[in-house]
Amino acid sequence: MKKTKMRVLKIIFLIAITSLHAQSTVETVTDTELLGLLGDNLDLYATLDLFQKSKTIEEFETSLNDEKTGINNLDLNLDGNVDFIKIATQQEGADFTFVLQVDVLEKEVQDVAVILVAKDKKDNVTVQMIGDENLYGKDYIIEPKLETTAVTANPAYTGSNTVVVTSKPSTVVIIESEPIIRYVYSSHYLPYYSPYYYGYYPVYYRPYPVISINIYGSRYGYYHINYYGGHRHHGGNTLVINNTTTYNKYSKTRNTSNSVHINKVEGNYKRNNYAAVRKSKNSNNKSITSKNKRTVLSGRTNTKT
């Protein structure tokens, strides 16, 4: 009996140590890290990571809208389902602009974010992703990083807590070796113009329900390890847009939705997120209550027998 107890205690101890180690090495996004803005429903770190690992622009669009990846949780028209995000491509020489857009209504398009890919005369490639101001606040910029840096709070964050995130060292990212970069600068590249629009979507796309922001926000912290930016600092310096000429040209054609603006001002998105949180909590509570009832009934049955 003593040997058995000792074995059990050793197993419990090992499980506890393993759990603590996992918690110390895996970074997660907590409620205090949320922006308090629409962009909380589309993690740009995870999105940029997906972009770089995609083999084509069309594949990126497909994966981004796949429920299995779970990266897209945007609901700009507040119908309870995740919106389809289409990709609009712009190119000028070796500079590419990939715009993420949502058709909110039949005649209203809202840009979500833009990815800038550029190559200089020495064939050095830079990649940056900039969140739209309506969804992420001003100057929300992220890019691949080579080392871990300290971070500060997002000035657009509406909460009261200061955000400080620490994580394990990132791996070195060779941008030129990423699948999507090799593709766009290859002879096989074909400009992609999404054929989809409001009410007309690909056969693979099935609208799926939005999940609560507290659940969504906890899924993608580990993507932040290999990127820096957002409304955070890198080495004490604020990130700046590398290719301002290309970005300024894009800005002249930037799409904004009046419906999104109104819903944002009226606080409809925040109420929608809170409602989703309450719905999720109620669902969990019902599950726990149901489980407790089964336990009680089981206990009564055992008592009778």
Side-chain angles (χ1 to χ4, degrees), residues 29-47 64-65 67 70-86 88 99-114 129-142 153-163 196-201 205 207-220 230-232 250-284:
V29 177
T30 63
D31 290 341
T32 57
E33 292 179 60
L34 297 176
L35 304 174
L37 300 169
L38 286 70
D40 283 330
N41 288 290
L42 183 69
D43 189 294
L44 294 193
Y45 293 84
T47 304
L64 185 59
N65 291 291
E67 184 178 5
I71 295 175
N72 181 11
N73 196 48
L74 279 178
D75 179 19
L76 299 185
N77 59 7
L78 296 175
D79 66 352
N81 291 320
V82 172
D83 300 323
F84 182 85
I85 298 178
K86 65 182 183 180
V99 188
L100 283 63
Q101 303 175 325
V102 168
D103 289 319
V104 183
L105 296 173
E106 187 174 358
K107 295 183 179 181
E108 284 191 20
V109 178
Q110 174 64 55
D111 286 359
V112 175
V114 58
M129 190 168 195
I130 305 168
D132 190 85
E133 186 172 344
N134 278 354
L135 279 72
Y136 296 90
K138 190 175 181 180
D139 298 328
Y140 189 86
I141 309 169
I142 64 172
N154 171 7
Y157 168 61
T158 58
S160 58
N161 297 321
T162 299
V163 182
Y196 309 114
Y197 50 85
Y198 184 82
Y200 176 69
Y201 305 112
Y205 174 68
Y208 54 94
V210 174
I211 62 174
S212 63
I213 195 65
N214 60 335
I215 295 175
Y216 175 80
S218 66
R219 288 182 174 180
Y220 302 104
H231 286 290
R232 302 166 177 176
Y250 152 73
S251 297
K252 295 178 181 180
T253 60
R254 171 177 169 250
N255 294 281
T256 59
S257 164
N258 189 50
S259 298
V260 169
H261 174 73
I262 292 174
N263 283 323
K264 180 181 175 183
V265 170
E266 294 182 350
N268 294 332
Y269 293 115
K270 288 186 178 181
R271 282 193 289 273
N272 190 57
N273 279 340
Y274 293 147
V277 171
R278 287 196 298 271
K279 183 177 179 181
S280 175
K281 288 182 177 179
N282 290 337
S283 177
N284 290 335

Legend entry - Between OH on residue Tyr208 and CG on residue Asn81, distance to nearest 0.5 Å: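 Reported to 0.5 Å precision, the distance equals 10.0 Å.
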Is the side chain of [X] donor-acceptor paired with the backbone N or O of [Y] at a distance under 3.5 Å, no angle test?
X: Tyr136; Y: Leu38; result: no
X: Asp75; Y: Asp79; result: yes
X: Asp83; Y: Leu76; result: yes
X: Asn72; Y: Leu74; result: yes
X: Arg271; Y: Glu266; result: yes
X: Asp40; Y: Leu35; result: yes

Inset, instruction - Flag the pair Leu78 / Tyr269 as yes when at least one side-chain heavy-atom distance between them is below 4.5 Å, and no otherwise. - result: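 Answer yes - side chains close enough.
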Please report the closest heavy-atom contact between [X] and [Y], naming both atoms and the distance.
X: Glu133; Y: Lys264; answer: O-NZ, 3.8 Å
X: Ser259; Y: Val104; answer: CB-CG1, 4.4 Å
X: Leu37; Y: Gly137; answer: CD1-N, 3.7 Å
X: Ala46; Y: Asp43; answer: N-OD1, 2.9 Å
X: Val114; Y: Tyr250; answer: CG1-CE2, 4.0 Å
X: Ile71; Y: Leu42; answer: O-CD1, 3.6 Å

Legend entry - side chain to side chain contact (heavy atoms under 4.5 Å, CB included) partner of Phe84, the single match among Tyr205, Tyr197, Tyr200: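 Of Tyr205, Tyr197, Tyr200, side chain to side chain contact (heavy atoms under 4.5 Å, CB included) with Phe84 is met by Tyr205 alone.
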Legend entry - Among Val102, Asn134, Asn255, Asp132, the one residue meeting side chain to side chain contact (heavy atoms under 4.5 Å, CB included) with Val112: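 Testing Val112 for a side chain to side chain contact (heavy atoms under 4.5 Å, CB included) against Val102, Asn134, Asn255, Asp132 leaves exactly one candidate, Val102.
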Legend entry - For Ala113, side-chain contact (heavy atoms from CB on, under 4.5 Å) partners two or more places apart: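 Ala113 satisfies side-chain contact (heavy atoms from CB on, under 4.5 Å) with Leu44, Met129 only.
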Inset, instruction - Quick one: which residue pairs count as a salt bridge (Lys or Arg N to Asp or Glu O under 4.0 Å) with a foot in residues 103-112, not counting sequence neighbours? - result: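 Every salt bridge (Lys or Arg N to Asp or Glu O under 4.0 Å) pair that includes a residue of residues 103-112, provided the two are not neighbours, is Lys86-Asp103.
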Inset, instruction - Could you please spell out the steps behind the side-chain contact (heavy atoms from CB on, under 4.5 Å) verdict for Thr253 and Val99? - result: CA-CA 11 Å; Thr253 60; Val99 188; over 6 Å; no
Inset, instruction - Please step through side-chain contact (heavy atoms from CB on, under 4.5 Å) for the pair Gln110 and Leu135, ending with a clear verdict. - result: CA-CA 10 Å; Gln110 174 64 55; Leu135 279 72; 4.0 Å; yes
